[in-house]
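To start, the structure itself, in structure tokens.
For clarity, every value in this text was computed on a predicted model and none was experimentally measured. Numbers for residues simply follow the sequence, beginning at 1.
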Amino acid sequence: MPVMDEFREEREAMKQKSFKERLQYFVDYYKWHVIGGVALIAFVISLIYSVVTRKEWAFYGAFVNSYQAPGYDAFLEDFAGEADIDLNEYDVMFDTNMYITVNAYDQGSVDATERLGVYIAAGDVDVMASGPMVINRYAYNGTFKDLRQVLPQELQTRLEPYYYYMDAAVAAEIDAAQENGTFDNIPSYPASPSDPAGMKDPVPVGLYIQDSSRIQQAFVFQEEDVILGVLGNVTDTESVLQLIRMIYDL
């Protein structure tokens, strides 16, 4: 029997069935199509909603190898108030979803490193905070500003005890070794980044923030020492200064 004749017979037979039988037939044969269609529509609606409602970042901090503590929301809202950022129009992000291991290159670490690199290159990152192992890597790649170019003199005087220093002479040696391909002769980072006395060319590029009660209430870091650095391509430093003042309760 031709296929079209079979289809007509089946359609005529369905007309004779009760509503309940027709509904059961529909459920048996088309339920997965319906479920798939509903799921697709829900995904499209969610994607459109996310794109339409997503707000531009007014401030972005990469807080690497950290977790949000109970005081995170209060920290974010207080900072937005101090920096005069309207959270109804803009987003403030302290990103605690990046985990980077320096000595082991697992896929998660590689992905986080690549994502952070994209954000830095795009000029989206205002500050970065992490333990010394991560901060050393970025500091000696020229990622952070000299704090003397960021902090007004009054803050330099008050915050100097919290300075994290990099040795620009060591950075130059590392660059030269990498350019020459002499990786066996790459110098070590200074053992005491808080002590400029043993450095040839100390440059303050970070602040130790682990003792700040505001940081302790809002974040948990994997290392005991936590350093905050200001990204080198940041042009508007006023919000950064507001964050620093809030961290140290100045």
Side-chain angles (χ1 to χ4, degrees), residues 47 50-51 53-80 83 85 87 90-145 147 150 162 164 166 171 174 189 193 205-237 239-244 246-247:
L47 181 62
S50 297
V51 172
T53 59
R54 188 176 68 179
K55 294 175 286 188
E56 180 182 350
W57 285 335
F59 190 90
Y60 180 95
F63 278 33
V64 181
N65 297 345
S66 71
Y67 305 89
Q68 294 180 10
Y72 173 82
D73 289 339
F75 181 91
L76 187 150
E77 292 172 4
D78 288 349
F79 166 67
I85 297 172
L87 293 178
Y90 299 98
D91 265 339
V92 170
M93 168 72 80
F94 294 99
D95 194 342
T96 57
N97 293 311
M98 292 186 183
Y99 304 96
I100 297 175
T101 53
V102 175
N103 299 322
Y105 291 90
D106 60 276
Q107 190 58 49
S109 180
V110 171
D111 291 345
T113 301
E114 290 178 351
R115 181 159 67 97
L116 181 56
V118 170
Y119 289 170
I120 291 174
D124 290 334
V125 184
D126 295 285
V127 298
M128 177 178 170
S130 192
M133 294 183 68
V134 172
I135 293 297
N136 279 340
R137 175 197 286 181
Y138 285 89
Y140 283 86
N141 281 325
T143 302
F144 303 123
K145 280 185 180 294
L147 290 179
V150 179
Y162 303 99
Y164 157 92
M166 61 166 282
I174 292 174
Y189 301 132
V205 294
L207 293 165
Y208 285 95
I209 61 173
Q210 69 275 357
D211 293 330
S212 162
S213 61
R214 296 306 305 266
I215 291 296
Q216 292 172 359
Q217 292 164 7
F219 304 96
V220 177
F221 283 85
Q222 291 184 350
E223 296 184 68
E224 290 186 5
D225 288 341
V226 182
I227 299 119
L228 179 81
V230 180
L231 273 291
N233 53 5
V234 170
T235 55
D236 181 10
T237 58
S239 294
V240 173
L241 291 176
Q242 292 295 344
L243 175 66
I244 291 172
M246 190 180 86
I247 287 174

* To do: Could you check L228 against I244 for side chain to side chain contact (heavy atoms under 4.5 Å, CB included), going step by step and ending with a plain yes or no?
  => CA-CA 9 Å; L228 179 81; I244 291 172; 4.2 Å; yes
* Asked: Hey, are the side chains of F221 and F63 touching, using non-hydrogen atoms and a 4.5 Å cut-off?
  -> yes
* **Shortest non-hydrogen contact from I209 toward A129** => CD1-CB, 4.3 Å
* Counting only N and O atoms by type, is there a donor-acceptor contact under 3.5 Å from the side chain of S109 to the main-chain atoms of T101? -> yes
* Asked: Closest approach of A80 and V92, non-hydrogen atoms and distance?
  -> CB-CG2, 4.4 Å
* Asked: Atom CD1 in I247, atom CG in D211: separation rounded to 0.5 Å?
  -> 12.5 Å
* Just wondering, do L116 and I100 contact through their side chains at under 4.5 Å, heavy atoms? -> yes
* Asked: Does some side-chain heavy atom of Y164 sit less than 4.5 Å from a side-chain heavy atom of P132?
  -> no
* To do: State whether the number of non-hydrogen atoms from other residues, nucleotides or ligands found under 6.0 Å of F219 atom CZ is greater than 12.
  => yes
* To do: Check the pair M246, F75 against side chain to side chain contact (heavy atoms under 4.5 Å, CB included), reporting the backbone distance first and the verdict last.
  => CA-CA 9 Å; M246 190 180 86; F75 181 91; 3.4 Å; yes
* Do the non-hydrogen side-chain atoms of F144 and L231 ever get within less than 4.5 Å of each other? -> yes
* **R115 versus Y60, closest heavy-atom pair with distance** => NH1-OH, 4.4 Å
* Taking the side chain from K145 and the backbone from V234, do they hold a donor-acceptor pair closer than 3.5 Å? -> yes
* Distance-minimising heavy-atom pair for A69 and V220 -> CB-CG2, 4.2 Å
* Check whether any side-chain heavy atom of M98 lies under 4.5 Å from a side-chain heavy atom of V134, and answer yes or no. => no
* Structure fact -> Distance col, row D124:CG vs E56:CD, nearest 0.5 angstrom, shows 9.0 Å
* Distance (rounded to the nearest 0.5 Å) between M133 CE and I135 CD1 -> 12.5 Å
* Structure fact -> Between M93 and the options T96, N97, D91, D95, the side-chain contact (heavy atoms from CB on, under 4.5 Å) test singles out D95
* Taking atom CG of D236 and atom CG of L241, what is their separation to the nearest 0.5 Å? -> 9.0 Å
* **Heavy-atom pair of closest approach, residues S66 and Y99** => O-OH, 3.5 Å
* Are any of the side-chain heavy atoms of F79 and I85 separated by less than 4.5 Å? -> yes
* Could you tell me the separation between the OG atom of S212 and the OH atom of Y162, rounded to the nearest 0.5 Å? => 9.0 Å
* Asked: Quick check, are the ring centers of Y72 and Y67 under 6.0 angstrom apart?
  -> no
* **Side-chain heavy-atom pair Q68, F94 within 4.5 angstrom cut-off** => no
* Asked: So which heavy atom on F59 is nearest to which on D126, and how close?
  -> CA-OD2, 3.4 Å
